[in-house]
K.L.:
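Just dropping this structure here.
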Amino acid sequence: ARLVVLASGTGSLLRSLLDATRTDGYPATVVAVGVDRECPAEGHAADEGIPSFRVALRDFEDRTAWDRALTDAVAAHEPDLVVSAGFMKILGSAFLERFAGRIINTHPALLPSFPGAHAVADALAYGVKVTGSTVHLVDGGVDTGPILAQEAVQVLDDDDEDTLHERIKVVERRLLAEMVAAVATRGVVSDGRKAVIPGDRT
Ligand code: GRF
């Protein structure tokens with residue numbers, strides 16, 4: 001399967017997905033990387049000789065124009081799946097219509113708890129003892145799409161946002177690679193809240 005990966009941050013999730021796609025037999029390859037700002041993820045793509053493109057909101061008169069441009073930039077690479085690996089923008093309606101049901105996102109909390117851009121800080125602030133990682137299909141909401149996989153991560157008493165986020169990312173990296181491979185090989189059927197990967201044991 002052809003993957004286009006979207007990123008905005010340090011690109012560690014992108015890095016791990018690139019490593020996974022290089023293991024023999026992995027059923028997907030990253031054909032392009034898209035970012036919304038200058039970030040290390042562009043460098044990871046360049047290291048692998050993978051094309052990358054930047055579609056920055058500030059370069060467009062409004063969010064609709066930005067969404068259209070991002071949709072066209074991604075579509076140019078004819079992806080089977082789009083993977084949001086720490087992409088910090090809400091995808092607009094043009095994008096969602098074009099790639100409906102084929103967009104996978106990873107979120108560093110056990111949704112529906114702690115949606116949004118500060119999930120790890122919010123979990124720490126709340127004082128939860130367990131948080132975790134969620135991989136889900138993207139729908140029109142913020143971190144609201146049908147869930148594909150979740151795994152719990154303990155919160156330690158001396159955790160700060162960085163130590164907890166790093167521990168969550170260890171799980172995220174594995175879960176994301178697993179789910180991308182599963183959807184790439186078996187597809188996913190989502191009806192309402194349920195996302196079912198045919199033949200999945202869970
Ligand atoms: C990940 O935890 C992702 O879930 C969140 O931002 C982080 C991205 O990390 N949205 P990186 O940029 O891949 O290191």
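As the structure lists them, so they are numbered: ligands from 1, and atoms in each ligand from 1. Numbers for residues simply follow the sequence, beginning at 1.
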K.L.:
Looking at atom 4 (O) of ligand 1, what's its closest protein heavy atom, distance included?
P.N.:
E172 OE2, 2.4 Å

K.L.:
Considering only non-hydrogen protein atoms, determine which one is nearest to atom 13 (O) of ligand 1 and report residue, atom name and distance to 0.1 Å.
P.N.:
L13 N, 2.8 Å

K.L.:
Assess the residue pair E42 and S52 against the criterion (side-chain hydrogen bond (donor to acceptor under 3.5 Å, both in side chains)); give the C-alpha distance rounded to whole Å, side-chain angles, the decisive distance to 0.1 Å, and a yes or no.
P.N.:
CA-CA 6 Å; E42 292 173 301; S52 68; 4.9 Å; no

K.L.:
Do any nitrogen or oxygen atoms of M88 come within less than 3.5 Å of a nitrogen or oxygen of ligand 1?
P.N.:
no

K.L.:
Between E78 and R2, does at least one N-O distance fall below 4.0 Å, as a salt bridge requires?
P.N.:
no

K.L.:
Below 4.0 angstrom from a heavy atom of G11, which ligand 1 atoms are there? Numbered from 1 as shown, please.
P.N.:
11 (P), 12 (O), 13 (O), 14 (O)

K.L.:
Below 4.0 angstrom, N of the basic side chain to O of the carboxylate: do E172 and K169 qualify?
P.N.:
no

K.L.:
As an exercise, identify every atom of ligand 1 less than 4.0 angstrom from a heavy atom of S12.
P.N.:
11 (P), 13 (O), 14 (O)

K.L.:
Are any of the N or O atoms of L14 closer than 3.5 Å to those of ligand 1?
P.N.:
no

K.L.:
Which of the numbered atoms in ligand 1 are below 4.0 angstrom from a heavy atom of G9?
P.N.:
12 (O)

K.L.:
State if A7 counts as touching ligand 1 under the rule of any non-hydrogen atom under 4.0 Å.
P.N.:
no

K.L.:
Regarding D72 and R98, does a basic nitrogen lie under 4.0 Å from an acidic carboxylate oxygen?
P.N.:
no

K.L.:
H165: heavy atom below 4.0 Å from ligand 1, yes or no?
P.N.:
yes

K.L.:
Could you identify the single nearest non-hydrogen protein atom to atom 10 (N) of ligand 1 and state the distance to 0.1 Å?
P.N.:
G86 CA, 3.6 Å

K.L.:
Counting non-hydrogen protein atoms only, what is the nearest one to atom 14 (O) of ligand 1? Give residue, atom name and distance.
P.N.:
T10 OG1, 2.3 Å

K.L.:
What I want to find out is whether R15 reaches D19 closely enough, with some N-O distance under 4.0 Å, to be called a salt bridge.
P.N.:
yes

K.L.:
side-chain hydrogen bond (donor to acceptor under 3.5 Å, both in side chains) for T163 and D160? Distances and angles first, verdict last.
P.N.:
CA-CA 5 Å; T163 58; D160 62 20; 3.2 Å; yes

K.L.:
Measure the spacing between CD1 of I103 and CG of L96 and express it to the nearest 0.5 Å.
P.N.:
5.0 Å

K.L.:
With ring centroids as reference points, do F53 and H77 lie under 6.0 angstrom apart?
P.N.:
yes

